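Data first, discussion second: the structure below is written as structure tokens.
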Amino acid sequence: MTTLKSAFTQNSFGESELLYSTIADVYEKIEQTTKRLEMTRYLVDLFKQTPKEIVDKVVYLTIGELYPPYVGIELGIAEKLAIKAIANSAGVSEKEVQNVFREVGDLGKTAEMLLEKRKQVTLFHQPLTVEHVYETLEKIARATGEGAQDVKIRNLSGLLNNASPKEARYLVRMVTGRLRLGIADMTVLDALAIAFGGGKEFREEVERAYNLSSDLGYVAKVIAEQGLEGIRNFRVTVGRPIRPMLAERLTSPQEILEKVGGKAIVEFKYDGLRIQAHLTPDQAWLFSRRLENLTNQFPDVVEGLREALKCKEAIVEGECVAIDPNTGEMLPFQMVAHRRGRKYGIEEMIEEIPVTVFLFDVLYVDGQDFTVRPFLERRKALEEVVEPTERIRLSEYAIVDNPEVLDDFMHKAIESGCEGVMVKSIGGDAIYQAGARGWLWIKYKRDYRSEMADTVDLVAVGAFMGRGKRGGTYGALLMAAYDKETDAFKTVCKLGTGFDDETLAALPKIFEPYKIDHKHPRVDSKIEADVWFVPAKVLEVIGAELTISPSHTCALDVIRKGSGIAIRFPRFTGRWRDDKAPEDATTVQEIVEMYRSQLKRVEE
Ligand code: AMP
């Protein structure tokens, strides 16, 4: 096979096109580093080489996607089909592909190894261009219904026939949804700011554009084609999800009120699914907290919003809660979770699990961007624009300026079936901070004052094989908190209790898609797990207390030199937080806060 020295080839119009081999070389370099700065440098080089018209495609491919997440089209083709395509292209039997796969545990590597041995190189070997690869992957992703499998295999074989072994490694990982280069969104934004914006110091502006559009590819294209000017002109757009504003947490009502300047709004914190609804007179979109498109699963919510909203176009946010049709009481989160991800039987579900949305924010109304307005103005606008119905209500709230009243309101919230309260700043600067966790919103959940009676959301980063009764499955999971300062996952406990027998037996299967043969570059652990995972799955955990620990890396050196913080006696509550991205897990900083307030209580 010829080695390709140039990054480009020419198409029939004489325009230069980026070669996929260039991308594959960059992926290889990225894979070999764990340093964020180095990754950024490789990306900057790649973006600079990329023709501007396709920079969005290069960005999507690099994060292992074809579109922004809210489009809802996934590439992931079944391993079985990929095996067929590899067998076709390598000229070997499927059995042989399976054997190699079993040995190396990575289908991308399998393809690479088998293509290296390929005896017959296709006669008219065409170098793969990024555009051709992208178009073909689109065909693969969009093929549905009868004959779809053949279309997928045919297109993938076509790519592999023209691919070098290294290209095949990444193509196969990409189509099976396992590219995973470990590049965080923020790293891509850094690279874009450097490549097209004049320097890393413009990252914040680029990030703002991302927060308003939730579309890395689109941001890349605008900055590549129009520079910072284009980025500064970004506007809230109905139909493009805005990255949600997030809350910090604190454990004492005094501290909370001090943080927000003595006086604030306190609202019920409903326990359901966050929904960001976008409506125009003839279209509607519902986005989850992770920006998946939920529109088709909740037609009742769309209908309800159309009834309740007294404007033409709007973006509103609220919590969607399941309601017991017999008692009218709010049901736990698990119930509304049954309504997501369904393709069929939606009408029955609407009857079985009716929902109410409690609106708590408005981001846009008829041409006016409310994200830049302070919270009190937004709340006022929300009240003006919504006429509450049974299905669409407004969040319950009060204005408080003293800790006892805040505590009373918290009890009222809990008695009504809520998890606690959200305290929101009413300062003039209390804008909607898209995509950010800040002190303008502070959550205050029940039982903060008993030792770790509150739950934390932790990410599984590895597992230990079970013994005895648990032979053949995992005995425990290695759990981590998210360190937002270093953008890494730090271990805090081994979790082995709270799983029912069925879940326990299913653990290896549940984690199969996330298994990797080495510690993930963003995981920081002193403990050697038997199996490592890509940080993806978030579990709700409750523990007895927090303690200083020499073996965990969460908050290492913060409380005592050489020690981290660990959770003692952790137990799985049974709740998979699939609505949370790993970066939404409880942070190391929150755990330090919890540890300190626990100490304060002991001292009292
Ligand atoms: P947590 O999931 O524990 O980080 O808490 C934040 C979540 O609480 C938000 O993402 C919303 O889904 C939910 N929530 C419930 N009620 C409210 C409210 N009144 N204001 C803001 N968020 C709320």
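Values reported hereafter were calculated over all heavy atoms of this structure, with side chains retained and with hydrogens, waters and symmetry mates removed. Whatever order the structure lists them in is the order used to number ligands and atoms, beginning at 1. Nothing here was measured: the structure is a model prediction, and the numbers come from that model.
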K424 meets the salt bridge (Lys or Arg N to Asp or Glu O under 4.0 Å) criterion, sequence neighbours left out, with E267
Those residues at least two apart in sequence (or on a different chain) that pass salt bridge (Lys or Arg N to Asp or Glu O under 4.0 Å) with D369 are none
Residues passing the salt bridge (Lys or Arg N to Asp or Glu O under 4.0 Å) test with R339, sequence neighbours excluded, are D300
For a quick check under 3.5 Å, do T497 and R571 share a side-chain donor-acceptor pair by atom type?
no
Checklist line | Pairing of K484 and E248 as salt bridge, 4.0 angstrom limit | finding: yes
Could you list, one pair per line, each nitrogen or oxygen of ligand 1 together with any protein nitrogen or oxygen closer than 3.5 Å, giving atom names and the distance rounded to 0.1 Å?
unit_1	atom_1	unit_2	atom_2	d
ligand 1	2 (O)	R289	NH1	3.3
ligand 1	3 (O)	K269	NZ	3.4
ligand 1	3 (O)	K443	NZ	3.3
ligand 1	4 (O)	K443	NZ	2.6
ligand 1	4 (O)	K580	NZ	3.4
ligand 1	5 (O)	K269	NZ	3.0
ligand 1	8 (O)	K269	NZ	3.2
ligand 1	10 (O)	R274	NH1	2.8
ligand 1	10 (O)	R289	NH1	3.1
ligand 1	12 (O)	E319	OE1	2.5
ligand 1	12 (O)	E319	OE2	3.4
ligand 1	16 (N)	Y270	N	3.0
ligand 1	19 (N)	E267	OE1	2.7
ligand 1	19 (N)	F268	O	3.0
ligand 1	20 (N)	K424	NZ	2.8

Q. Relative to the ring of F409, is the ring of F268 parallel (under 30°), tilted (30 to 60°) or perpendicular (over 60°)?
A. tilted
